[in-house]
Chemist: 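Okay, here's the structure, questions in a sec.
Here is the naming used below: chain letters follow the sequence lines, and residue numbers restart at 1 for every chain. When reading the values below, keep in mind they use all heavy atoms of this one structure, side chains included, and skip hydrogens, waters and symmetry mates.
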There are 2 protein chains.
Amino acid sequence: MVELSSYINEKFFLSLHASKRFVEIMTPLSFHEGELIIEKGKINNKEYLLLEGICRSYVVNGQGADITLSFFTDNSCIPPNLVRTKSDRSILNIQALTDVKLLTFPTEKLMNLMSTHREIELWANAILQKELMQKVEKEINQISLHAKERLIHFRDQYPALENILPHSYIASYLGITNVSLSRIRRELVNP
Amino acid sequence: MVELSSYINEKFFLSLHASKRFVEIMTPLSFHEGELIIEKGKINNKEYLLLEGICRSYVVNGQGADITLSFFTDNSCIPPNLVRTKSDRSILNIQALTDVKLLTFPTEKLMNLMSTHREIELWANAILQKELMQKVEKEINQISLHAKERLIHFRDQYPALENILPHSYIASYLGITNVSLSRIRRELVNP
DNA sequence: GGTTGTCATTAACATTTGATAAGAATAGAA
DNA sequence: TTCTATTCTTATCAAATGTTAATGACAACC
């Protein structure tokens with residue numbers, strides 16, 4: 001338990017004191033590659049910290065196409081319950097893309113910690129803001145950059161992913177087809 | 001004052017009791033067409049309800065192009081401070097596109113109301129969720145629909161705007177050029 | 001009424017991206 | 001290993017969208 005709190009302290013930018021409060025409410029959780037962590041439409045009232053592995057959020061659109069909205073890597077927070085649920089039900093799927101290790105805790109217990117610990121309140125709000133900033137930034141990129149530039153930006157943001165993940169996930173994240181992705185990759189190698 | 005609270009009660013889906021609490025902290029505010037309500041980079045710690053008129057949020061991208069992110073119409077909430085600021089500074093511009101009337105109140109006072117009135121807490125969270133849902137929905141549309149379908153969807157969502165606003169705002173919102181928008185408009189009239 | 005400026009439309013051409021299908025490459029299973 | 005299945009790449013052609021520039025529409029102003 002002592003180890004875990006110092007791990008959280010280090011990786012999630014919380015004081016040791018706050019980290020210990022977190023450890024008291026958390027449960028470890030793991031999934032295998034390909035498994036669904038959160039399923040669209042299902043009740044969910046938990047928060048998640050991703051310790052190891054890679055995940056993605058995705059939805060299935062009207063044409064039945066699977067569209068990746070975000071990727072999540074080591075030592076990051078899965079988006080807060082508040083931003084991925086409506087009436088307590090998930091509005092998207094979150095899937096393990098590798099074997100993953102998580103920590104989970106009830107949203108309600110986080111709320112309690114937030115109301116009693118100013119640091120935790122600020123921390124949680126900062127996560128929410130970061131989430132939103134990323135959405136705004138992606139929206140701007142999607143609107144104002146060409147696919148090639150979006151791929152360059154993606155490589156910047158997630159240097160490891162392109163060589164690990166199925167390209168179909170990356171293509172839908174970038175808003176292009178697999179074929180276009182392949183074409184752009186070639187152009188970037190051999191301009 | 002009595003009028004205002006019953007107006008809020010009716011238009012913003014709050015109980016009369018909660019509306020009265022709001023009226024106590026609110027200040028009326030108005031802008032003329034074209035004026036900036038919120039300026040990127042400036043300190044902002046207020047919330048806004050839009051009573052009359054139309055606004056948009058926008059940013060200027062790396063190439064100097066003005067990109068509209070969202071439109072806001074009568075009796076809706078400007079996105080919460082939390083989602084449009086970083087370190088208390090606005091991350092985007094909000095502009096009046098017509099003469100507008102607003103109500104404004106300090107974010108801190110909203111926080112106080114949220115912690116003492118469960119109804120207001122739920123109300124504020126619902127607004128945040130709606131904001132996020134719209135972003136997710138727009139992202140999915142942007143990725144998986146063609147420009148023509150996006151325009152149809154836009155007309156559905158904002159029936160009045162196309163005939164009132166400069167098309168450059170609408171085009172950048174849809175992620176296309178003015179010329180493409182004009183082309184698509186013709187195709188929809190004369191298929 | 002004419003002038004000016006702004007914005008929308010149209011045209012012509014270039015570029016990007018999509019759709020489809022056919023070949024490599026790769027990893028697993030028999 | 002060989003076979004199979006999946007995924008990535010490549011090629012070809014079509015469709016969508018961008019770029020640039022010219023034209024048209026319209027309102028504001030003199």
Side-chain angles (χ1 to χ4, degrees), chain A residues 32-34 54 56 58 61-68 71 95 97-99 139-155 158 160-191, chain B residues 32-35 54 56 58 61-68 71 95 97-99 138-155 158 160-191:
Chain A
H32 291 296
E33 180 178 338
I54 302 169
R56 66 167 184 143
Y58 73 95
N61 77 355
Q63 288 83 54
D66 163 332
I67 297 176
T68 298
F71 294 105
Q95 181 187 32
L97 299 181
T98 63
D99 290 356
E139 184 175 12
I140 294 167
N141 287 346
Q142 197 71 29
I143 288 178
S144 65
L145 299 183
H146 284 182
K148 188 188 289 188
E149 302 166 297
R150 297 205 298 273
L151 175 57
I152 291 169
H153 193 264
F154 171 81
R155 287 177 171 181
Y158 303 106
L161 300 194
E162 194 178 345
N163 299 319
I164 299 175
L165 303 183
H167 286 181
S168 56
Y169 296 165
I170 298 171
S172 76
Y173 175 80
L174 296 173
I176 57 178
T177 58
N178 307 0
V179 177
S180 271
L181 176 56
S182 189
R183 206 145 40 192
I184 293 167
R185 279 162 52 80
R186 182 187 47 193
E187 281 169 27
L188 287 176
V189 171
N190 199 345
Chain B
H32 291 297
E33 181 178 336
E35 289 183 329
I54 302 169
R56 67 165 183 143
Y58 74 96
N61 77 356
Q63 287 84 53
D66 163 331
I67 297 178
T68 298
F71 294 105
Q95 181 187 31
L97 299 181
T98 62
D99 289 357
K138 194 187 168 195
E139 185 175 9
I140 294 167
N141 287 346
Q142 196 70 29
I143 289 177
S144 64
L145 299 183
H146 284 183
K148 188 187 289 187
E149 302 166 299
R150 299 206 296 274
L151 175 58
I152 291 170
H153 193 262
F154 171 82
R155 288 177 169 180
Y158 303 106
L161 300 194
E162 193 176 347
N163 298 321
I164 298 174
L165 303 183
H167 285 182
S168 56
Y169 297 165
I170 297 171
S172 76
Y173 175 80
L174 296 174
I176 57 179
T177 59
N178 307 1
V179 177
S180 272
L181 175 56
S182 191
R183 209 147 36 192
I184 293 166
R185 279 162 51 78
R186 182 186 48 194
E187 281 170 27
L188 288 175
V189 171
N190 200 345

Chemist: Do B:Y169 and B:F71 come within less than 4.5 Å of each other through their side chains, counting heavy atoms only?
Modeler: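 Yes; the side chains approach each other to less than 4.5 Å.
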Chemist: Rounded to whole angstrom units, what separation is found between the CG atom of B:L181 and the C1' atom of D:dT17?
Modeler: 12 Å
Chemist: With sugar-phosphate meaning primed atoms plus P, OP1 and OP2, does A:I176 contact a base, only sugar-phosphate, or nothing at under 4.0 Å between heavy atoms?
Modeler: sugar-phosphate
Chemist: When you get a sec, tell me which of D:dT12, C:dT16, D:dT17 is the closest nucleotide to the side chain of B:S180?
Modeler: D:dT17
Chemist: If I take atom CD1 in residue B:I184 and atom C1' in nucleotide D:dA15, what distance separates them, rounded to the nearest angstrom?
Modeler: 13 Å
Chemist: Is there side-chain contact between A:N178 and A:H167, with at least one heavy-atom pair below 4.5 Å?
Modeler: no
Chemist: Between A:K148 (NZ) and D:dG18 (P), how many Å, whole number?
Modeler: 17 Å
Chemist: Using side-chain heavy atoms (C-beta onward) and a distance below 4.5 Å, is A:I184 in contact with A:R150?
Modeler: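 Not touching, per the 4.5 Å side-chain cut-off.
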Chemist: What nucleic acid atoms does A:R185 come within less than 4.0 Å of, heavy atoms only: base, sugar-phosphate, or nothing?
Modeler: sugar-phosphate
Chemist: Which residue lies toward the 5' end of DNA chain D, B:T177 or A:N178, if each is placed at its nearest nucleotide?
Modeler: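 Nearer the 5' end of the strand: A:N178.
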Chemist: With a cut-off of less than 4.0 Å, is there a side-chain N or O of B:H167 near OP1 or OP2 of C:dT9?
Modeler: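 For C:dT9, OP1 or OP2 has a side-chain N or O of B:H167 closer than 4.0 Å.
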Chemist: How is A:S182 classified with respect to the nucleic acid when contacts are heavy atoms under 4.0 Å: base, sugar-phosphate, or nothing?
Modeler: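 A:S182: base contact, heavy atoms under 4.0 Å.
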Chemist: Please state how far atom CZ in A:R183 lies from atom C1' in C:dT20, giving the value in whole angstrom units.
Modeler: 12 Å
Chemist: Any side-chain heavy-atom pair from A:R185 and A:V189 closer than 4.5 angstrom?
Modeler: no
Chemist: What's the CD-P distance between B:E187 and D:dA15, to the nearest Å?
Modeler: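 Nearest whole value for this atom pair: 12 Å.
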Chemist: Can you figure out which of D:dA11, C:dA11, C:dA12 approaches the side chain of B:R186 most closely?
Modeler: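 So the nucleotide nearest the side chain must be C:dA11.
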Chemist: How many angstroms lie between atom NZ of B:K138 and atom CG of B:L174, to the nearest 0.5 angstrom?
Modeler: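 CG of B:L174 is found 7.5 Å from NZ of B:K138.
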Chemist: Closest to the B:V179 side chain: C:dA8, C:dT20, C:dA11?
Modeler: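 Nearest to the side-chain atoms of B:V179, counting from C-beta on, is C:dA11.
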Chemist: Atom CG of A:N163 to atom C1' of D:dT9: distance rounded to whole Å?
Modeler: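 After rounding, the gap between these two atoms is 15 Å.
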Chemist: Give the rounded distance in Å between these two atoms: CD of B:E162 and C1' of C:dA8.
Modeler: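 Value for this atom pair: 12 Å.
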Chemist: Over how many whole Å does the gap from B:I143 atom CD1 to C:dT17 atom P extend?
Modeler: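 Taking CD1 of B:I143 and P of C:dT17, I get 14 Å after rounding.
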Chemist: Output the single nucleotide from C:dT16, C:dA19, D:dC8 whose closest atom is nearest the side chain of A:P166.
Modeler: D:dC8
